[in-house]
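Have a look at the structure below, then the notes.
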Amino acid sequence: MATGTDRLAAPATLDDIRSCVHCGICLPACPTYRALGEEMDSPRGRIYLMRAVAEGRLDVTETYTHHLDLCLGCRACETACPAGVPFGSLLETARAEIERGGRRPLRRRLLEAFIFGVFPHPHRLAIVLGLLRRYRRWGLQALVRRSGLLRRIPPLAAMDALLHDIPRTDGAPPEFLAARGRALGRVALLTGCVQRHLFADVNHDTMRLLALAGWDVVAPREQGCCGALELHGGRLDAFRARARALAATLPSDVDWIVTNAAGCGSALRDYGHWVDEDATRRVAARSRDVTELLVEADLPLGSLPLTVTYHDPCHLAHGQRVRTAPRALLGRIPDLAVVPLADSDLCCGSAGVYNVLEPEMADRLLALKIARIVETGARTVVTGNPGCLMQIARGARARGLDLELVHPVTLLARAMRWEDR
Amino acid sequence: MALSASVVAGLQHLLGPAGVVLTREGRLTYESDMLTLYKGMPDAVVLPTSTEEVQAVVRICREARVPVVPRGSGTGLIGGATAPQGGVMVSMTRMTRILELDLANRCATVQPGLINLWLTNAVRDRGWFFAPDPSSQMVSSIGGNVATNAGGPHCLKYGITTNHVLGLEMVIGTGEVVSVGGKAADRPGYDLTGTMVGNEGTFGLVTAITVRLLHLPEAVKTALASFASLVEASEAVSAIIAAGIIPAALEMLDDAMIGAVNAAVGKVYPDGAGAVLLIELDGPRAEVEAQAERVAAICRERQALMVTVARDETERALLWKGRKEAAGAVGRITAAYLLQDAVVPRSKLPQIMREMVAISKRHRLLFANVFHAGDGNLHPLICYDDRKPGELERAQQANEELLHACIALGGSVSGEHGIGMDKAKNLPLQYAEADLNFMFRLRRVFDPDGLMNPAKLLPSHPACGEGFRPARPTLPAGTWV
Ligand SMILES: Cc1cc2nc3c(=O)[nH]c(=O)nc-3n(C[C@H](O)[C@H](O)[C@H](O)COP(=O)(O)OP(=O)(O)OC[C@H]3O[C@@H](n4cnc5c(N)ncnc54)[C@H](O)[C@@H]3O)c2cc1C
Ligand code: SF4
Ligand code: SF4
């Protein structure tokens, strides 16, 4: 796979497109194909459309844009593809081209302006979340709901429903936590934008567990956003600027850069592909999901009599090829029963901000996911990505199901006999 | 030829806007099956969900004299699910239900769009499986398997698709729904089920299929043997068959393919071998053990470099994953290829391998081989670069030479992929004029107007006088019939 470009017709990108042999092996892995059964909403069809654009058979039309926008960027097709087609980066290039052409409906453009104006900016995000909390507390939520506004503006409905999770813990983790016992080395934690504000406890627990596992952990306070959303949205220039900035902020002398949000981790691993510089390549090479480090450690885990099931976040299973580590960790918790989830690596519809931009498809996939979860009989769903945690929680709530959604780190922390070390 | 407004309105009224694809972007993605050399964009794609809807679609099209092209998962390798004359493509991807599981009678009735492997997945827990296993089984549809009479690795022992189809429901070209065969073992009258399997959509659309299910075998053993070249490996195949052993599967890959597969799924086959044989034995445990030893001994006698047996299910699955993804993995070595599907009598395998090496050298083209060696079904992927002038023509020439060599050895033009647009021109090599004429007349019984998947399967210009002449297909430049 060559260095990422901004044009589908660039020779390196066209070579990647042409490595698709049109065999269709990826079709059943694709959530949108599963939902619609349509070729143009399948990986093979999308690649075919990109090829048509690259070769000048097709213009960047609104319909073309629609089929690429409906793609979740989940990269399940990459896992399935025997030809090694790098679908994720092709999609990002295609979206960059769409960005330049600007053929999206006004409503979507406004939504995107809002999202990209807020999410990748931790400070602005904090302000917006603060407002949203008040919106709930003052009963505005109930008012808006009654007004019927939600029905007319589906993305608003999706945002509204997600708000149920807002009152989670906030607050930054400590900047440094020393290893317990002899240190194996030093790692840096990427604290993430959403993670930091909505799931601060996951960051705390991550640090405590890593320290117990023998790592000195630093969490630089001034770190910015990793740029994942911009990358997936095809805003490659903004993404590259963030990648350079983050790579410069993260200490260069650490053994690993640890992520606990699958979406961020997957973006970090792509840094070298998009920004071919020493610092970014180093970040990409050293990025690890927290479960990959913890699985190497001997943690003093106590009994946790609970039945859980595990959902694979796309950007962990497909984006980073991490599937066994989280399962192995859960398997080590005494008395914890892990029931396999059918189609565990089929996207839940969260996909970054997809559920806000394409709420209808997101809801269909969520319904599928919830149905599979209900089949397991488990009341607790474990998954290592804030987007999935919120999305599945929302689906459960809407159906009146009593499901607990937890990050694997949270579950481990709960089972930990902290005093034993 | 664009569709008339009344046809479009009729289809939309019938299926709703979400059931009819009219945009150029959407239709473009339906212009080819896996063999993208052939392109034919339909004027509309429809996605029905029931037999009644399929029937109504055919009636609308027949009224307006519009061609109808069925499509399953679009994994065909023959330019079958493509619309060279335009018309309406009927996608079966929303007809994926299992209509009935009747384990007491060892059968299941399914809708045509159901993915082959999903049927086995649904019954494996209870000890059953659906035997036809084309290497595309994780994606190809059972309807497509029936339409092409697909084979697969395990068909050596278990037989091809037609041996597992008990009954069919079809909407034929007249717009009638006909049911043939059924669960009972012996039906009075003509064996129409056998006639309809392999029709490639030229009789109409399969809308339901009753298939036989089999008990999972008690034991399975999978061995891997590597050889210095395809010729030695082929001699081992002939020797195994001659010894009276019928493995469940006997698959061969050559060095080019081994490289591609290893790049795709990790190092599953030994590097540096000229060819590997994947040999699977199944049945009662004691018999499988005994046969495995004999097979290993035969391979060693034939100069095998190495023979290993998968120790557990994970190792076995990995050996198979490599094989099943081979045709896709070839994307790692070439962007374009032709795929031959000719057959030779098993005993002629070593001979045709020598011939193939010669042809590949003569045309300076890479051949990557992966095939069902057990039944003599060759699948060389003839790699070419479509950006280099003249390479496609050279590849086509090499392809034809190989085909003629197979026929000369008493073989057949197609082992399992079917005829489609790709091999129609070759049928006269194998069938006499009278045979072809008879097939034309048979086709006309099901499809009196010549609207069902036109320009496929039968040659469009029969040498004979009384043949049925479908309208002249509009072929893209570069293809020849
Ligand atoms: C990786 C790979 C491996 C393969 N391995 C094998 C193999 O081992 N053995 C083998 O035989 N083939 C193999 N194939 C070829 C292909 O998968 C088979 O021909 C398969 O049966 C096609 O099924 P499909 O659903 O994709 O049909 P399509 O490609 O969509 O259609 C095939 C033909 O059947 C017709 N058709 C489809 N559905 C219907 C229906 N419901 N009613 C009437 N006509 C219909 C179409 O018009 C077309 O002519 C392989 C293909 C790939 C990509
Ligand atoms: S992306 Fe890969 S799996 Fe999908 S059609 Fe192309 S080559 Fe086949
Ligand atoms: S990234 Fe996901 S949604 Fe997009 S084509 Fe691939 S599998 Fe389908």
Side-chain angles (χ1 to χ4, degrees), chain A residues 1 11 14-30 32-53 55 57-68 70 77-86 103 321 342-343 360, chain B residues 18 21 23-36 45 47 49 71-77 81 89 91-96 113 115 117-118 121 135-136 138-140 260-261 263-265 321-322 324-337 339 381 385-387:
Chain A
M1 188 170 83
L14 191 55
D15 278 347
D16 283 344
I17 292 179
R18 288 164 49 92
S19 66
C20 168
V21 292
H22 217 249
C23 66
I25 289 176
C26 52
L27 299 186
C30 173
T32 56
Y33 180 79
R34 289 270 282 267
L36 299 172
E38 291 173 347
E39 187 72 28
M40 61 282 190
D41 290 312
S42 79
R44 180 173 64 174
R46 291 185 175 118
I47 294 169
Y48 205 72
L49 290 175
M50 291 182 211
R51 180 166 180 167
V53 166
E55 292 179 344
R57 280 180 81 195
L58 184 71
D59 293 327
V60 177
T61 59
E62 205 164 306
T63 308
Y64 165 82
T65 305
H66 165 74
H67 294 304
L68 290 189
L70 203 61
C77 47
E78 259 183 57
T79 301
C81 174
V85 177
R103 292 232 175 248
R321 310 274 153 115
D343 288 327
E360 258 172 63
Chain B
V21 178
T23 61
R24 171 153 181 271
E25 293 82 350
R27 293 182 292 117
L28 193 62
T29 62
Y30 285 93
E31 70 175 3
S32 292
D33 62 8
M34 185 185 179
L35 189 62
T36 50
V45 180
L47 299 126
T49 56
R71 180 175 172 112
S73 301
T75 67
L77 297 163
M89 188 174 273
S91 166
M92 294 298 183
T93 48
R94 289 187 189 164
M95 291 181 66
T96 56
I115 289 176
L117 190 61
W118 292 11
N121 286 348
S135 303
S136 58
M138 60 293 221
V139 48
S140 62
V261 166
V265 296
K321 187 170 160 63
K324 297 240 158 168
E325 294 185 358
V330 76
R332 294 180 188 260
I333 49 180
T334 180
Y337 58 80
L339 176 51
L381 295 129
D385 187 337
D386 51 346
R387 288 179 291 197

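All values derive from a computational prediction rather than experimental measurement.
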Chain A contacts, top residue of B:Met92, B:Arg27, B:Arg71, B:Lys321 (heavy-atom pairs, under 4.5 Å) | B:Arg71
Around A:Asp59, counting heavy atoms of other residues, nucleotides and ligands shown, do more than 12 lie under 6.0 Å from its CG?
-> no
Could you tell me which of B:Leu28, B:Val45, B:Thr75 has the largest number of non-hydrogen atom pairs under 4.5 Å with chain A?
-> B:Leu28
Supply the atom-to-atom distance A:Cys77 SG to A:Ile47 CD1, rounded to the nearest 0.5 angstrom.
-> 6.5 Å
Against chain B, label A:Cys81 side chain, backbone, both or neither, depending on which of its atoms sit under 4.5 Å from a heavy atom there.
-> backbone
Options B:Leu117, B:Ile333, B:Asp386, B:Thr96, ranked by heavy-atom pairs under 4.5 Å with chain A, top entry = B:Asp386
Look up atom OG1 in B:Thr334 and atom CZ in A:Arg18, then write down how far apart they are to the nearest 0.5 Å.
-> 8.5 Å
Go through A:Pro28, A:Cys20, A:Ser42, A:Ala52 and name the one with the most non-hydrogen pairs under 4.5 angstrom from chain B.
-> A:Pro28
Among B:Arg24, B:Arg332, B:Glu325, which residue forms the greatest number of heavy-atom pairs with chain A at distances under 4.5 Å?
-> B:Arg332
Which bit of A:Ala80 is near chain B, if near means a heavy-atom gap under 4.5 Å: side chain, backbone, both or neither?
-> backbone
Judged by modelled atom types alone, do A:Glu39 and A:Tyr33 share a side-chain donor-acceptor pair under 3.5 Å?
-> no
Among A:Leu49, A:Asp15, A:Leu27, A:Val85, residue most engaged with chain B (heavy-atom pairs, under 4.5 Å) | A:Leu49
Salt bridge B:Arg94-A:Glu38, side-chain N to carboxylate O under 4.0 Å = yes
Applying a strict 4.5 Å limit to non-hydrogen atoms, the region of A:Arg44 in contact with chain B is side chain
Highest number of heavy-atom pairs under 4.5 Å with chain A: which of B:Ala335, B:Gly328, B:Ala336, B:Gly26?
-> B:Gly328
Value for CD1 (B:Ile115) from CE (B:Met138), rounded to nearest 0.5 Å, stands at 10.5 Å
Which region of B:Ala326, side chain (C-beta onward) or backbone (N, CA, C, O), has a non-hydrogen atom less than 4.5 Å from a non-hydrogen atom of chain A, or is it both or neither?
-> neither
Value for CG (A:Leu36) from CG (A:Leu70), rounded to nearest 0.5 Å, stands at 6.5 Å
With the side chain counted from C-beta on, respond yes when B:Leu47 and B:Val21 share a heavy-atom pair under 4.5 Å apart, and no when they do not.
-> yes
Using non-hydrogen atoms only, which part of A:Asp41 is less than 4.5 Å away from chain B: side chain, backbone, both, or neither?
-> neither
